**Q** 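This structure is in structure tokens; I'll ask about it shortly.
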Amino acid sequence: MLPKAYDPTSCEDRIYKLWEDSGAFKADPKSSKEAFTVSMPPPNATGQLHLGHAVMLALQDIFIRFSRARGKEALWIPGTDHAAIATESVVIRKIQKEEKIKDPRGHYGRTELVRRIAEFVAQSQATIRGQVRKMGASCDWSRERYTMDASLNRCVNEVFQKMYADGLIYRGNRVVNWDTALQTTISDDEIEYEDREGLLYTFEYLSAEQTGGEALCVATSRPETKLGDTAIIVHPDDERYEHLIGRHFEVAWPGGVTGHVTVIADHTVDREFGTGAIGCTPFHSKIDYEIWQRHKEEIIAEPKQIIGEDGLMTENAGSFAGLSVEICRQKFIEELRENGRLKKEEKYTQPLSISYRSKKPVEPLPKLQWFIDVNKKAVVWPIHRAGLRPADLSPRPADPKMSLKEIMQQVVRTHAIRIIPDRFERTYFQWIDHLQDWCISRQIWWGHRVPVYYCVKCAAGMSGQSSYERLAMSDELKAQSSKLKAEGVPGAFVSSQSLNVCPECGGKVEQDPDTLDTWFSSGLWTWSTLIDPAMAQDMSLSLEDLLKLSPDFQKFHPTAVMETAYDILFFWVARMILMTTYATGQIPFKTVYLHGLVRTREGKKMSKSDPSTCIDPLEIIPQYGADALRLAMIVGQMPGNDFQLYMEKIGGYRNFINKLWNASRFVLLQCENAKADPKKLQATSYKLQAPAELSLADKALLSELQKLITDVTEGLETYRLSETGERLYSFVWDFFCDWYLELSKGEAHLPVLVHALRTIVQLLHPYCPFVTEELWEAIKPEGAGLLMLEPWPVIDERLRDPIAEEHFALLTNVITSIRQLRAEYGIAPEAKIVVSIFSDDHQPLLESQKEHIIRLARLSSLAFEKPKSSKGIVSAFLKGAEVHVSLEGAIDLPKLKANLLEEKLSLKQFLDRVDAKLGNAKFMEHAQHSVIELEQQKRKDAEERMAKVEERLKSLS
RNA sequence: GGGUGGUUAGCUCAGUUGGUUUAGAGCGACUGAUUUACACUCAGUAGGUCACAGGUUCGAUUCCUGUACCACCCACCA
């Protein structure tokens, strides 16, 4: 017999092993079944899983288990992400802390540091594997992937080369986002904005002498950058400055720096802000860079870089060289003040760019980097792949070349990819509208190295320490063109294969030192994980060959659903769409399901830096069980909405699991008492074989079960997980336990009982796999295997019985109303009460349920007749029956009267409302027949009750 | 500045094409119960002018407009 309470710790690990050993997680590419694939978003291999991972694992496991049971070839690929910057900085900080080494990069060098990071990652991966198992995730471990696997690296290199050949990847000298803390560029999406309290300084830029009139002042929050100005920008229609436009000035800056600026006119300037004139610093502001690009011809001075990659002022900053930006600003202002040039200082809230990774300010700097061009029309995207019907294609237009941006828009606009919840489509489009070329190179060591090689010999003659530097310098700061092709640079080769020697002269080559943005490789995740690793070693195969020949890719791509948190819609989901449509010609997934972020009880974000706000799944699972945690994160949570998780919630679902456990225990006890082996009971069509033996409750249960199967199946098919979970919860607890099991006591039909429990356990299995698998072992039919492999229940129309449902509802209403009357009139539990029930239509039915009513309402006697007198009687007038409880003189008359009057009043109000409706000619004219009938029925019922209430009131007076 | 979502019971949230809703659930509160599955239980009770103001409609929690407050996303006026 089962223990009294469910103990998750005693079975979860054992059951997981059972599943894993059975091979049931493993998908077969040769299967004739329809494929259903989920790519698990690879957790960063930097440490522990948190609740966010737990949510995704729970959701995806439900999709997968449901699909598997429904006869699909279900594949769920697990894996981890090397998480370039995140991992490198974690390891560097670790080394700094543990080994007291200030500069681990300098100390260990590239090879050794990369080795150390790889070591750390391996450890972390092992932890993650264990944690994913703890959640019950039924993923295919034989296909586990890592973004740095050799086969995935091959894909990265192939895609880079292909994009380069198509002109979609280029090297360009641009103002990029420089993270001075991490010493690398970051992409536009890796920037966060924060409002900081600062000062807005207004100072004299050009003196009255220079302008020949009034002095020209400029307002800025970053005065120190003015050292790099090439221009003053004013609005073309601004009369104050009209006469200065086009003129050139020499400016004496603090620090002994001489600047040369041209006054130019541009519409983007806001005349109302500050003085209406601004300094243009092309190399330290993206906006200024753009303005400078537009007016290059008019401007005489070349831009200067005045802030270095180390965050300190450069040689161009004169005597400020080597100072930090903050100190330089102070000194700069001091000097202006001394010279009387500082006119105003005011408080100012300044939007500051912060690095998403280091949380430190981002410094815009000019740098030679690799970019992906999102606007170049270079890709043929067949229109029919975008989900259009053939009818829409007549006459079939030639497939035009599209830009990556356009393809990204098209696949979502045509709903080839559907996003749940759909409002995120708007967010997605808005992001694409603003999307600029994607900077993909990073100056860190951990990651996929840019597959570009430089020949020392071919590049000879250029200045610089290494060939790379020489080549870089040849491009750098020229800035004539924003796009400098490596192709046009002598001695540079883009190659998906590792190059050791120069293909042209046989000389020594050096690989580009930069690595790729981590999202470059994770953008390939849905398909690079499906490339056959053995084939990927064969360098004679092209990318197209690899796709064509990999059985997994052919069978399992595109994937069915991408389930992830909405906060990485841009970072990752959009990038997968971009990279995958380009590289494979397929969409990466058909559906995107976005879940919300887990918050604390107070609605705050859980943050690692504040452990008290965090709930650790690994602490919850031993205490409450993985099943309870899963339910707590899914039921009551709508896609795309954040949700608050706290202990009581998890405890509530732990209770539910235990309820299910005890219901099963009860069923097994019944079997034991009847000396029946539950495994031998086969009862699917019990009702059809022996209808006479079935009780009302049995018939109702079998009928309700059909509805349940339908609802759960449809709910899961349409990704309505919360609602479906609630449906199951309520069915198990409110219907099955509270009514059916109570009623079945004493006259249980074991085959029906066991059948119902099996069905429930099957339907619940995707949500709470462990407890259901454990229970299945005890109740499964003879010869059955694991629950996770059991086919999904199908409905049997013959078991539907609306009349039984209706009768059952009447029965429960009668019992409830007696209980209510007891409580309402304070009848002591031990007091014997005499009840009579009367019904016009259902007298025989209720009589047949006499024993149940007596037992569940705890009566001493029950009669089926109208009471002779209403003296000492309280009543409930239900639809279809009236219930009278005799209080044997102990009646509280004023209370009874008050209750009746209250009931009368609410009935009156209701009737007035219904009458108003039915008496309204326009309602009768416009409303649907069914609605009118319904209202008429409501009115009839209410009137009947009203008559009874009035009659009773009369008898009291 | 642009956009999105929210505002329903003390708390967390449902409410799927406007009328089967006289607005529901879970938790919490309160009253009672030791009845051979379960106290991780059972029975029952209280608690809501569905943020506010207009509009459309026979009828609005539901659709439209506006307002307020909250949250988030995007942009960044130097």
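Because the structure is predicted, anything quoted here is derived from the model rather than measured. Every chain is numbered from 1 and lettered A, B, ... according to where its sequence line falls, protein lines coming before strand lines.
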**Q** Can you list the steps and then say if Glu943(A) with Lys940(A) is a salt bridge (Lys or Arg N to Asp or Glu O under 4.0 Å)?
**A** CA-CA 5 Å; Glu943(A) 265 184 337; Lys940(A) 198 176 148 226; over 6 Å; no

**Q** Think Lys922(A) has a side-chain N or O under 4.0 angstrom from the OP1 or OP2 of rG59(B)?
**A**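 Negative; the distance criterion is not met.
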
**Q** Looking at rG26(B), I'd like to know if its phosphate oxygens (OP1 or OP2) sit under 4.0 Å from a side-chain N or O belonging to Lys649(A).
**A**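 False: Lys649(A) side-chain N/O out of range (4.0 Å or more) of rG26(B) OP1/OP2.
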
**Q** Less than 5.5 Å between centroids and less than 30° between ring planes, does Phe910(A) satisfy that with rU22(B)?
**A**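 Base of rU22(B): stacked against Phe910(A).
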
**Q** Is the phosphate of rC42(B) approached by Trp733(A) (side-chain N or O, under 4.0 Å from OP1 or OP2)?
**A**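 For Trp733(A), the contact criterion (side-chain N or O under 4.0 Å from OP1 or OP2 of rC42(B)) is met.
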
**Q** Mind checking the C1' distance from rU62(B) to rC50(B)? Whole angstroms is fine.
**A**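 Rounded to whole Å, the distance is 10 Å.
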
**Q** With hydrogens left out and only the distance checked, is there a donor-acceptor pair under 3.5 Å joining Lys659(A)'s side chain and the base of rC38(B)?
**A**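 Under the 3.5 Å cut-off, the side chain and the base do form a donor-acceptor pair.
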
**Q** Just to confirm, is there a sub-4.0 Å distance from OP1 or OP2 of rC40(B) to any side-chain nitrogen or oxygen of Lys4(A)?
**A**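 So the side-chain polar atoms of Lys4(A) never come under 4.0 Å of the phosphate oxygens OP1 or OP2 of rC40(B).
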
**Q** Taking OP1 and OP2 of rG3(B), is either one under 4.0 Å from a side-chain nitrogen or oxygen of Arg426(A)?
**A**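 Answer is no, no contact under 4.0 Å.
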
**Q** List the atom of Ser744(A), the atom of Leu741(A), and the distance in Å for their closest heavy-atom pair.
**A**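 Looks like OG-O, 3.0 Å.
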
**Q** Indicate, with a heavy-atom threshold strictly under 4.0 Å, whether Glu742(A) touches base, sugar-phosphate, or nothing.
**A**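 Base contact.
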
**Q** For the pair Phe203(A) and Trp253(A), name the ring-plane relationship: parallel under 30°, tilted 30 to 60°, perpendicular over 60°.
**A**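 Rings of Phe203(A) and Trp253(A): perpendicular, as their planes differ by over 60°.
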
**Q** Please tell me which of Arg665(A) and Pro351(A) maps to the more 5' nucleotide of RNA chain B, matching each residue to the nucleotide holding its nearest heavy atom.
**A**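 That would be Arg665(A).
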
**Q** Using atom CZ of Arg196(A) as one end and atom C1' of rC76(B) as the other, report the distance to the nearest whole Å.
**A**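 In whole Å, rC76(B) C1' and Arg196(A) CZ are 16 Å from each other.
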
**Q** Rounded to the nearest Å, what distance is computed from the CG atom of residue Asp266(A) to the P atom of nucleotide rC77(B)?
**A**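 Answer to the nearest Å: 12 Å.
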
**Q** Can you tell me if Asn655(A) touches the phosphate of rU41(B), counting only side-chain N or O atoms and a distance under 4.0 Å to OP1 or OP2?
**A**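 The answer is yes; a side-chain N or O of Asn655(A) sits under 4.0 Å from OP1 or OP2.
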
**Q** Looking only at atom P, what distance separates rA14(B) and rA25(B), rounded to whole Å?
**A**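 It comes out at 16 Å once rounded to the nearest Å.
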
**Q** Both Thr349(A) and Lys917(A) contact RNA chain B. Taking the nearest nucleotide for each, which residue is further toward the 5' end?
**A**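 Closest to the 5' end, via its nearest nucleotide, is Lys917(A).
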
**Q** Check the pair Glu648(A), Arg601(A) against salt bridge (Lys or Arg N to Asp or Glu O under 4.0 Å), reporting the backbone distance first and the verdict last.
**A** CA-CA 10 Å; Glu648(A) 293 92 315; Arg601(A) 185 203 306 272; 3.0 Å; yes

**Q** Any donor-acceptor pair, under 3.5 Å, between the side chain of Gln430(A) and the base of rA75(B), if you only look at N and O atoms?
**A**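 No.
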
**Q** Can a side chain N or O of Gln820(A) be found less than 4.0 Å away from OP1 or OP2 on rA43(B)?
**A**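 So the side chain of Gln820(A) is outside the cut-off, no N or O lying under 4.0 Å from OP1 or OP2 of rA43(B).
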
**Q** With a 4.0 Å limit, can you tell me whether Asn641(A) has a side-chain N or O closer than that to the phosphate oxygens OP1/OP2 of rA14(B)?
**A**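 Looking at the OP1 and OP2 atoms of rA14(B), one of them is under 4.0 Å from a side-chain N or O of Asn641(A).
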
